[in-house]
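Comments concern the structure below.
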Amino acid sequence: SHQGPYDINPFIGDGSAVLVRQSGNSLRLLRSVAVPSLPLTLAHPAVVGGVAMDPTGEILASACADGTVRVWNAAEGTLRTALPLGSPVRSVEMSPDGMRLMACTENGAIHFWNVADWRESLVIRTESHELRIASAELSADGRTVLATLEGGLGLDLFDTGSGARRCPTLRAEQRLSLAAVSANGR
C-alpha cells in the first residue's frame with residue numbers, strides 16, 4: 001500500500017503516463033520517457049474522486065466533488081469541457097472503445113455521454129427510493145454496468161445502450177464489500 005500525500009493510479013491509458021492526486025484537488029500527470037513532455041498539473045476547485053483515460057491516451061476525465069466531470073486534453077493539460085451534474089461525482093470510467101464516458105454521482109445516478117459531441121445519452125437510476133446507487137463499473141465489453149447499492153445492500157445490472165435492468169435487483173443477505181462484472185457482462 002502506498003504511504004504519503006499522493007494517490008497513484010498506474011493504470012492510465014496505455015501505460016505511458018502515471019496520474020498522481022496531490023492534496024485532494026490537484027492532479028499531476030507524469031509522462032514516461034516514451035512520451036517526452038513536461039508533467040502537467042490539472043487543478044480542480046474540490047476533491048477529485050476518480051479519473052479515467054480513453055484508450056488512445058488523448059482524453060482524461062476527472063470526477064470532482066463540486067458536481068462536475070472535467071474532460072481534459074491529456075497531452076496539453078487543457079480543459080476541453082466541464083459536464084455539470086449538480087451532485088458530487090464519485091467516479092468516472094471510459095468505455096473500452098473510447099466512445100462513451102460514464103460517471104456515478106452521490107445522488108445515486110449513473111450518467112453517460114457520447115465522446116464525439118459530449119451530449120448526455122443516458123441516465124440510470126434505481127427505482128427504489130431507499131436503495132441508491134453507490135458505485136458503478138463497466139463490463140469489459142462496455143455493454144453492461146454493475147451498480148453497487150449504498151450500504152452494500154445489493155447489486156443491479158443495467159444495459160448501457162437502453163438503461164434497462166438486466167435482472168431484478170440482487171439483494172444481499174450480508175453487506176457487500178466488493179463486486180465485479182464478468183468480461184461479457186453476463
Side-chain angles (χ1 to χ4, degrees), residues 1-2 7-13 15 19 21 24 27 46-55 59-71 83-116 118-186:
S1 113
H2 178 73
D7 292 332
I8 299 176
N9 182 351
F11 304 108
I12 298 295
L19 190 70
R21 181 172 61 181
L27 296 176
V47 173
V48 176
V51 295
M53 190 171 272
D54 78 324
I59 298 171
L60 176 75
S62 54
C64 193
D66 73 345
T68 61
V69 171
R70 286 178 170 68
V71 181
L83 307 168
L85 293 173
S87 177
V89 185
R90 291 181 169 174
S91 63
V92 290
E93 187 173 349
M94 191 68 71
S95 65
D97 63 6
M99 303 298 287
R100 296 175 82 197
L101 176 66
M102 177 186 77
C104 183
T105 61
E106 277 191 16
N107 70 0
I110 302 171
H111 299 261
F112 287 87
W113 295 268
N114 294 321
V115 171
W118 297 112
R119 289 193 181 164
E120 192 170 58
S121 60
L122 181 65
V123 178
I124 297 173
R125 291 183 176 83
T126 61
E127 296 167 2
S128 170
H129 295 295
E130 61 202 44
L131 295 176
R132 294 189 322 177
I133 296 170
S135 65
E137 179 184 345
L138 287 173
S139 62
D141 65 5
R143 295 175 20 191
T144 301
V145 62
L146 168 68
T148 305
L149 304 178
E150 280 188 341
L153 299 176
L155 303 169
D156 271 320
L157 293 171
F158 297 97
D159 180 277
T160 60
S162 66
R165 193 176 256 107
R166 291 202 180 263
C167 62
T169 298
L170 305 168
R171 298 254 182 172
E173 292 179 22
Q174 296 180 349
R175 184 181 172 152
L176 301 171
S177 60
L178 182 64
V181 64
S182 65
N184 66 5
R186 296 190 180 145

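All values below come from the heavy atoms of this structure, side chains included, with hydrogens, waters and symmetry mates left out.
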Kindly compute the distance separating [atom1] ([X]) from [atom2] ([Y]), expressed to the nearest 0.5 Å.
X	Y	atom1	atom2	answer
Asp156	Ile124	CG	CD1	9.5 Å
Cys104	Arg132	SG	CZ	10.0 Å
Arg125	Ile110	CZ	CD1	10.5 Å
Phe158	Thr144	CZ	OG1	11.5 Å

Can you list everything that forms a side-chain hydrogen bond (donor to acceptor under 3.5 Å, both in side chains) with [X]? Sequence neighbours excluded, please.
X	answer
Thr160	none
Ser91	none
Ser121	Arg100

Do you know which two heavy atoms are closest between [X] and [Y], and how far apart they sit?
X	Y	value
Thr68	Pro84	CG2-CA, 3.9 Å
Val89	Gly67	CG2-C, 3.9 Å
Arg143	Asp141	N-OD1, 3.0 Å
Ala52	Glu93	CB-CA, 3.7 Å
Pro96	Ser139	CG-O, 4.0 Å
Leu122	Ser162	CD1-O, 3.8 Å

By salt bridge (charged side-chain N to carboxylate O under 4.0 Å, His left out), which residues pair with Asp159, not counting sequence neighbours? Arg166
Residues passing the salt bridge (charged side-chain N to carboxylate O under 4.0 Å, His left out) test with Arg90, sequence neighbours excluded, are Glu150
Can you run down the salt bridge (charged side-chain N to carboxylate O under 4.0 Å, His left out) pairs that involve residues 102-111, sequence neighbours left out, and say none if there aren't any? none
Side chains of [X] and [Y]: does their closest heavy-atom pair fall under 4.5 Å?
X	Y	result
Leu60	Met53	yes
Ser62	Val51	yes
Phe112	Leu138	yes

Stepwise side-chain contact (heavy atoms from CB on, under 4.5 Å) test for Ile133 and Leu149: CA-CA 4 Å; Ile133 296 170; Leu149 304 178; 4.2 Å; yes
So, [X] side chain and [Y] main chain: donor-acceptor pair closer than 3.5 Å or not?
X	Y	result
Ser87	Thr105	no
Asp54	Ile59	yes
Asn114	Ala116	no

Listed partners of Glu120 passing side-chain contact (heavy atoms from CB on, under 4.5 Å), at least two apart: Leu85, His111, Trp113, Val123
Could you list the residues that satisfy side-chain contact (heavy atoms from CB on, under 4.5 Å) with Ser135, not counting sequence neighbours? Thr148
